[in-house]
Protein chains: 2
Amino acid sequence: MSDQSAFKALADPTRREILRLLSGGSLTAGSIADHFSISKPSLSHHFNLLKQADLVRTERDGQNIVYTLNTSVLEDTARVVLDLFDYETAGKEQEKN
Amino acid sequence: MSDQSAFKALADPTRREILRLLSGGSLTAGSIADHFSISKPSLSHHFNLLKQADLVRTERDGQNIVYTLNTSVLEDTARVVLDLFDYETAGKEQEKN
DNA sequence: TAGGTATTTAGACAAATATCTAATTAAATA
DNA sequence: TATTTAATTAGATATTTGTCTAAATACCTA
């Protein structure tokens, strides 16, 4: 899994906001960009880090690139945090997977 | 709460390992340092970031400084990640708190 | 195929970060 | 009180990171 890239990705507020936007459903790069005041290349850089962490997946739709949240990696990441204090959840019986 | 400092703190593998060590119980700065090959001042820097994020609390015991995990902030942080995909857990009824 | 729109890549740069050694502070003890 | 031990602070430095503008790529449409 290599948590490292996911934690790095989550450490930036812009990237967390991108993920939050995507939690409402898939979006194109352009429509995500509309929510921010930074340049598109800067956003693209953030997209790259999110992809690298496998927190998002992409597919092309004509001229657009559609970004989709990869919830399983988010779940794994939350699990790592929860495990730091032995939190009980539904996924517990997996034992360390 | 300001999640930012907690996410930043969690983004570093050394700091996550410190937290993992503390999840087994409180430890002195020195005994934590024994688990790492980096210098004590470097560790102290990491301790500072963890304290800033309120992920750990400290108290002096003679010559030693004892570090203790603050699980409530870890819980809050995990919650932020879980909320990115509307995960259902026991704490759910709090609704956005 | 020419022109326009969407997005990424390249390259530069300032700010933030992790590390180190040296020095300092605080407490215990001979 | 002088010394030792535990830990932090100060200051320097190399690396990483987030941002920008300019250029390139990919696709669509007249």
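Residue numbers begin at 1 in each chain, while the letters A, B, ... track the order of the sequences.
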> Between dA28(C) and Asn64(B), is there an OP1 or OP2 to side-chain N/O distance shorter than 4.0 Å?
no

> Write down the distance between CZ (Phe47(A)) and P (dT17(D)), rounded to a whole number of angstrom.
19 Å

> Looking at Ile65(A), is its backbone amide N or carbonyl O close enough to the side chain of Arg60(A) to form a donor-acceptor pair, meaning the two atoms are under 3.5 Å apart?
no

> Can you tell me the distance, in whole Å, between the CG atom of Asp61(A) and the P atom of dA6(C)?
13 Å

> Scan nucleotides 18-25 of chain D nucleotide by nucleotide, 5' to 3', and note B when protein non-hydrogen atoms come under 4.0 Å of the base, S if they reach only the sugar-phosphate, - if neither.
BBBBB---

> Is Lys8(A) close to Leu49(A) at the side-chain level, that is, under 4.5 Å between some pair of heavy atoms?
no

> If only atom types and distance count, is the side chain of Arg16(A) paired as donor or acceptor with the main-chain N or O of Leu10(A) below 3.5 Å?
yes

> Which whole-number value in Å describes the distance from Leu50(B) CG to dT17(C) C1'?
14 Å

> Give one of base, sugar-phosphate or nothing for Phe36(A), where a contact means two heavy atoms less than 4.0 Å apart.
nothing

> Judged by atom type as modelled, is there a donor-acceptor pair below 3.5 Å linking the side chain of Asn64(B) to the main-chain atoms of Val66(B)?
no

> Looking only at heavy atoms, what is the nearest atom pair of Ala6(B) and Thr77(B), with distance?
CB-OG1, 3.6 Å

> Taking the side chain from His35(A) and the backbone from Ser31(A), do they hold a donor-acceptor pair closer than 3.5 Å?
yes

> Given 3.5 Å as the limit, does a donor-acceptor pair link the side chain of Ser23(A) with the main chain of Arg20(A), or not?
yes

> How many Å lie between CD on Gln52(B) and P on dA18(C), as a whole number?
11 Å

> Between P on dG4(C) and CD on Gln63(A), what's the gap in Å once rounded to a whole number?
13 Å

> Just to be sure I understand the geometry, which residues of residues 25-34 of chain A put a non-hydrogen atom under 4.0 Å away from DNA chain C?
Thr28(A), Ala29(A), Gly30(A)

> Out of dA27(C), dG4(C), dA26(D), which has the shortest distance to the side chain of Arg60(A)?
dA26(D)

> In whole angstrom, what separates Ile65(B)'s CD1 from dT25(C)'s C1'?
11 Å

> Whether Tyr67(A) contacts dT8(C) is assessed here as follows: a side-chain N or O lying under 4.0 Å from the phosphate OP1 or OP2. Is that the case?
yes

> Any side-chain to backbone donor/acceptor pair from Asn70(B) onto Arg57(B)? Under 3.5 Å, distance only.
no

> Any donor-acceptor pair under 3.5 Å linking the side chain of Gln4(B) with the backbone of Ala11(A)?
yes

